[in-house]
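For reference, the structure discussed in these notes is given below.
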Amino acid sequence: MTYWDAHIETMNRKEMNELQLKRLQKSAKTVYQNVPFYRRRFDELGVKPEDIKTLADISKLPQTTKYDFTDNYPYGLFAAPMEDIIRIHSSSGTSGKPKVVGYTKNDIDIWADLLARNFTMVGINKHDIFQNSVNYGLFTGGLGIHNGIERVGATAVPAGTGNTLRQLEMMIDFGVTAIHCTPSYALYLAETAVENDLVDKLKLKTGCLGAEAWSDNMRKSIEEMLNIKAYDSYGLSEMFGPGIAFECPEQNGMHIWDDHFFVEVLDKNGEQVSEGEKGELVLTSLTKEGLISIRYRTGDITRLLEPECSCGRCSTRISRLIGRADDMITVRGINVYPTQIQDVISKIPEVTNQFQIILTRNNKRLDEMTVQVELQKDAFTDDLLKLDRIQKNVVAQLMNVLNVRTTVELLEFGSIERTGGKSKRIIDKREAI
Ligand code: DLL
């Protein structure tokens, strides 16, 4: 087994908890001293950094949310003076001001190390040629991943987004063995490679895919079409960016690195869930300097898994993300996550993994949900009866899982826009009441 940092990755719980406590105390002290927002929140709760005597005391600290970023836009949450901030990134929210994050030199260094740890875990090393097909702007997936590729010693190909045939040409010409992009873009690359008969020319072995929700079935499609192994990569700007949790070769849950983050998975009442249960991922940065997030409510829903993993690493483990609390749509009172729809359609052979949810309200002011799905190229037919059968099957399968009436529209292959960024799944046309 090759580790990037065997000492940390296999550290026993007791030692890890001691390290975490020291780091938590330091983070709490720094934000209390340097960030007026945190000082106010601590004071409101009557808690001082010195009150953190054990890890369980973290529950005394205030929780934070994305709204605290927008309220303190742009630099209000920074814990280091601007002269020590050497880079900013931001994450575009769906509305309002973006969340701005600042990094010190040390932050950039730790972040690259974390990514190198993840890449090593899935077998990437200095012999790899690694294409990064995401946007290199303020999005953390560009420069963040790039630094990680260089740190592990692989050859970075900073491809950015767009022009999918050109991306494939680069992959062939440069002998690319590993790629980082969103899962939906990986699927588009795979479709294009298959369509143009390019798969055999690729040397690709590994895909590190993340930044949006995807399913195990989607993974299977990508792996089969490109003949690679694809790993789930989770991250968020508020905690660095990519690299926060990553799958190991077991492909059964993600490792989340306890030396840098204190992990809580909380239920609706703010209590830590037990193993196997689902809850909201709440993270505290333990080693950051530029922007230290305390008990940050990620909005991401996951399950806590048992920490023992056959790969030998001893970190906390979480399941693939189930969805975002704020992606959840309520249709006639029933909660629906886009990932549930993805899961259903990815099991139906006649349709692709691409879909869009259109929400409207009818003249009785009731919600209507239409799911647009694409037919596979070879499923396209003039035979209306056959199309009707496919459509009815999709409706029945969705109904089975979602328990809500759904209209299904079959679209021609390629009708739903593919992007190099995160895909837009929900179009909500219900007017505000
Ligand atoms: O998406 C960081 C990233 C870049 C992760 C590249 C992985 C690869 P943000 O733009 O701030 O950061 O968006 C963070 O994206 O809270 C999740 O809701 C979602 N997300 C990220 N990774 C996954 C994943 C980057 N693997 C938000 N599965 C997070 C599901 C994900 N959702």
Side-chain angles (χ1 to χ4, degrees), residues 115 118-119 122-137 139 141-146 148-150 152 154-212 214-215 217-233 242 247 251 342 346 349 351-355 374-380 411-424:
L115 283 158
N118 295 322
F119 294 153
V122 295
I124 291 168
N125 58 37
K126 62 181 183 185
H127 302 294
D128 280 287
I129 302 192
F130 195 150
Q131 183 156 321
N132 190 18
S133 297
V134 300
N135 173 353
Y136 267 68
F139 177 52
L143 285 171
I145 291 282
H146 187 96
I149 299 173
E150 291 186 351
V152 84
T155 308
V157 181
T161 52
N163 204 340
T164 304
L165 266 176
R166 174 87 188 99
Q167 296 260 357
L168 286 163
E169 191 179 299
M170 275 193 268
M171 286 161 77
I172 294 166
D173 293 349
F174 299 152
V176 167
T177 54
I179 187 165
H180 170 255
C181 59
T182 60
S184 49
Y185 193 62
L187 194 64
Y188 186 45
L189 274 171
E191 285 167 0
T192 314
V194 170
E195 190 177 302
N196 292 278
D197 227 354
L198 297 175
V199 178
D200 288 345
K201 299 197 175 110
L202 294 169
K203 291 210 175 70
L204 202 59
K205 289 183 305 194
T206 314
C208 299
L209 312 180
E212 65 183 6
W214 53 314
S215 67
N217 282 307
M218 188 157 162
R219 182 220 303 275
K220 271 192 218 122
S221 306
I222 295 167
E223 289 192 333
E224 277 166 23
M225 288 166 91
L226 286 174
N227 197 14
I228 61 168
K229 283 267 170 221
Y231 298 100
D232 195 1
S233 153
E247 269 184 337
Q251 291 184 308
Q342 179 157 80
S346 63
V351 301
T352 71
N353 276 283
Q354 304 286 348
F355 70 98
E374 279 181 2
L375 280 171
Q376 290 286 9
K377 260 199 194 130
D378 53 10
F380 186 75
L411 306 181
E412 228 177 284
F413 180 90
S415 316
I416 295 175
E417 195 196 357
R418 273 74 164 156
T419 71
K422 302 180 193 235
S423 27
K424 185 167 167 53

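One-based numbering along the sequence shown. As the structure is a computational prediction, the values presented were derived from the model and not from experiment.
- The closest side-chain heavy-atom distance from Thr182 to Ser423 is not below 4.5 Å.
- Distance CG/Leu411 to CZ/Phe355: 13.0 Å, rounded to 0.5 Å.
- Looking at heavy atoms from C-beta onward, Ile124 lies out of side-chain contact with Ile149 at the 4.5 angstrom threshold.
- The shortest non-hydrogen separation linking Val351 to Gln376 is O-NE2, 3.3 Å.
- Side-chain contact check for Val176 versus Met170: every heavy-atom pair is 4.5 Å or farther apart.
- Atom OG1 in Thr155 sits 12.0 Å away from atom CD in Gln131 (nearest 0.5 Å).
- Contact record, Leu115 with Gly148: CB-CA, 3.8 Å, taken as the closest heavy-atom pair.
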Output side-chain donor-acceptor pairs under 3.5 Å for residues 225-233, partner residues at least two apart or in another chain, one line each.
from	atom 1	to	atom 2	distance (Å)
Asp232	OD1	Trp214	NE1	2.8
Asp232	OD2	Arg320	NH1	3.4

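- Comment: Glu223 does not engage Lys220 in a salt bridge, judged by the lack of any side-chain N to carboxylate O separation of less than 4.0 angstrom.
- Side-chain contact between Phe139 and Lys422 is present, with at least one heavy-atom pair separated by less than 4.5 Å.
- Thr164 and Tyr185 share a donor-acceptor pair across their side chains, judged by distance under 3.5 Å alone.
- Under the 4.5 Å side-chain criterion, counting only non-hydrogen atoms from C-beta, Ile416 is not in contact with Thr352.
- Here Ser221 contributes atom OG and Asn353 contributes atom CG; the two are 4.5 Å apart, rounded to the nearest 0.5 Å.
- Side-chain atoms of Gln354 never come within 3.5 Å of backbone atoms of Gly414 as a donor-acceptor pair (strictly under, hydrogens ignored).
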Side chains of residues 200-210: which donor-acceptor pairs under 3.5 Å do they make with residues two or more places apart or in other chains?
none

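- Ser346 and Ser215 make their closest contact through OG-OG, 3.7 Å (heavy atoms, listed as atom of the first residue, atom of the second, distance).
- In this structure the side chain of Met218 reaches within 4.5 angstrom of the side chain of Ser184, judged on heavy atoms.
- Inspection of the Thr161 and Asn135 side chains reveals no N or O donor paired with an N or O acceptor under 3.5 Å.
- We find the CG-CE distance between Leu198 and Met171 to be 10.0 Å, quoted to the nearest 0.5 Å.
- Cation-pi contact between Arg418 and Phe413: present, with separation from the ring centre below 6.0 Å and deviation from the ring axis of at most 45°.
- One distance of note links CD1 of Ile172 with CD of Gln167; it measures 12.0 Å at 0.5 Å rounding.
- Pairing each heavy atom of Phe130 with each of Ile179, the nearest pair is CE2-C, 3.6 Å.
- Closest heavy-atom contact between Gly421 and Glu212: O-OE1, 4.2 Å.
- To the nearest 0.5 Å, the span separating CG on Asn163 from OG1 on Thr192 amounts to 10.5 Å.
- Two residues are said to be in side-chain contact when any heavy atoms from C-beta on lie closer than 4.5 Å; Leu168 and Asn196 fail this criterion.
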